[in-house]
2 protein chains.
Amino acid sequence: MHAKQSAAALPNSIIFPGAKAPVASLGAEEATHLRLQALARYAGARSRDSRVIDNSVSQVVLVVEGAVKLIASAAAGRTQVMGFYFKDDFIYVPARDTHAYNLCALTDCELVAFPATEFIRLAQSDKTLNNNFLSHLLRALGRCREKSLALGQKTARERVATFLVSMAERIGAPFSNGAVLDLPMSRRDIGDNIGLTIETVSRQMTELRNAGIVSTSGRSQVKILDLAALKQEAGHLPVPT
Amino acid sequence: MHAKQSAAALPNSIIFPGAKAPVASLGAEEATHLRLQALARYAGARSRDSRVIDNSVSQVVLVVEGAVKLIASAAAGRTQVMGFYFKDDFIYVPARDTHAYNLCALTDCELVAFPATEFIRLAQSDKTLNNNFLSHLLRALGRCREKSLALGQKTARERVATFLVSMAERIGAPFSNGAVLDLPMSRRDIGDNIGLTIETVSRQMTELRNAGIVSTSGRSQVKILDLAALKQEAGHLPVPT
DNA sequence: CGAATTTTTGATAAGGTTCAATACAAGTGG
DNA sequence: CCACTTGTATTGAACCTTATCAAAAATTCG
């Protein structure tokens, strides 16, 4: 299902009660709000919907509610999950080129999409918005480089641990010496994100469980019992002095 | 050797004859030039110099001449080469954080570095410069995502082929059905860039040579005899329709 | 030319994938 | 509400790719 259309035209979409709220988290000045509103395409999506937004042009997407994954497709049907995004996250989705990028809903969710070109033009006249966008891009680049490092250098164990640490920081609820999290993505998604097969992910989870570092219940709940130990497993750099 | 210092203080550095030229490729408006000049730190480096620029603060670096690599260091002495950069390339080097980023010279080279914070502030008042910086960041993010896909999904053969295709596009001279290139980096650098050991890189090069797709002479010269075949090996997506 | 370094080649081993089967969770219809 | 069905996750065994270790060959540089 395509989503570059106004909310009214989408049967599945969730109509926002107060339309101003989502755009507010972009931190733009008052004067920019109206113009952002005009540009915004609200899109609701049900869990598992793929191609949640139109990728014929580059888009800047804000997650208002729910969770999505950004996937890239290469030859031979292989896909890489470039990242997972949650409430208030901000995603740059390039237009289809040598690889095709798409957003897929992991849960029912609400998104706001802006055509990138117009968004950037608008940001030029609003220092706050421009700064926010810039610092978002810098963070995205930083995270992507971290991922490159992980994919290029780390073992299966380290990758799974790294993934869990990252998720704990983003969607974990504090718990004892660690955190509790409810993973909205499947083992396949995790594998495609960290460059492993589902079997390897599963085995590493089992080993972490046997080592008493995490415990699991059901498919999605993970309790991190010892965050320090998990970070150790993740192969993180000692804190710089 | 540290390089956040003016050219005059660097024994190794190459003093530029006309100091305006390097900044010109940033495409800034006339009025911004002087302020960029004031901000710029010129740094020359000899081949193999590491820590070519100061990484205690984030920097935006322009390559005026030569070639450099951006490396990230993780625990256990593992390093990932995040990318290679050549004349007129533009690099965002974040301050040291959970990982340490550094520029290393592959050849004798000339660089211009700007403290990122001030550079960004200056860009705010110059639409052209701001646009250039933004589009640079978007391209950098795109390339980094491509690399994630390669590291997460591709085989050794595909990675080496992908690397060669990319280098051909960036520093190759046209030649018959392919290109000739003079690689300024070692096999180790290549391996650290695409997540393989030097032995595996070497073996894959040998196989590509045996397949008649490339030929080599000396350490650094590579002739791509059949670019189409090499792209095939790289596992690229068929051109979108 | 000769020394030092880098690259290539070879043999072996380890980590991860693949294939196959079982167990588990969640949803569906009686 | 429970049995049945479907999809997802876990476990096991064999295989394959790539890493590791070790040595020889090639290139660069003094």
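In what follows, chains are A, B, ... by sequence order, proteins preceding strands, each numbered from 1.
A residue-by-residue look at A:Ala156 and A:Ser220 shows that A:Ala156 has its nearest nucleotide of DNA chain C further toward the 5' end. In terms of position along DNA chain D, the nucleotide closest to A:Thr206 lies nearer the 5' end than the nucleotide closest to the other residue of the pair B:Arg203 and A:Thr206.
A donor-acceptor contact under 3.5 Å is not formed by the side chain of A:Arg157 with the base of C:dG16. At a cut-off of 3.5 angstrom, counting only N and O atoms as typed in the model, there is no donor on one side facing an acceptor on the other between the side-chain of A:Arg159 and the base of C:dG16. Residue B:Arg48 places no side-chain atom within donor-acceptor reach of the base of C:dT6, judged by atom type and a 3.5 Å distance cut-off alone.
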Problem set entry | Candidate pair A:Arg187 and A:Ser202, rule side chain to side chain donor-acceptor pair (under 3.5 Å), full reasoning | CA-CA 7 Å; A:Arg187 294 287 186 272; A:Ser202 187; 5.3 Å; no

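What separates NZ of B:Lys154 from P of C:dT17 is a distance of 18 Å, to the nearest Å. Here the P atom of nucleotide D:dA26 and the CE atom of B:Met205 are 17 Å apart, to the nearest Å. Straight-line distance from the CD atom of B:Gln204 to the C1' atom of D:dT18: 9 Å, rounded to whole Å. For the pair A:Arg187 CZ and C:dG16 P, the computed distance is 17 Å after rounding to whole Å. Counting to the nearest Å, the P atom of C:dA4 and the CZ atom of B:Arg219 are 15 Å from each other. Rounded to whole Å, the distance from CZ on B:Arg188 to P on C:dT7 is 9 Å. Summarising the geometry, the separation between CG on B:Asp182 and C1' on D:dT27 is reported as 14 Å, rounded to the nearest angstrom. Rounded to a whole Å, the CD atom of A:Glu199 is 12 Å from the C1' atom of C:dA21.
Heavy-atom neighbours of B:Arg48 CZ from other residues, nucleotides or ligands within 6.0 Å: at or below the threshold of 12.
For the pair B:Thr197 and D:dT18, the criterion of a side-chain N or O lying under 4.0 Å from OP1 or OP2 is not met.
Residue contacts shown for A:Gly195 are limited to sugar-phosphate atoms, with no base heavy atom under 4.0 Å away.
For A:Thr200, whose side chain is taken as the heavy atoms from C-beta onward, the closest listed nucleotide among C:dT8, C:dT18, C:dG16 is C:dG16. When distances run from any side-chain atom of A:Ser202 to the nucleotides D:dA9, C:dT17, D:dT18, the shortest one goes to D:dA9.
Considering all non-hydrogen atoms of both residues, B:Gly66 and B:Cys109 come closest at CA-CB, 3.6 Å.
Looking at A:Ser217 and A:Gln221, their side chains do bring a donor and an acceptor atom within 3.5 Å of each other.
B:Lys69 contributes atom NZ, which lies 7.0 Å from atom OG1 of B:Thr79 (distance to the nearest 0.5 angstrom).
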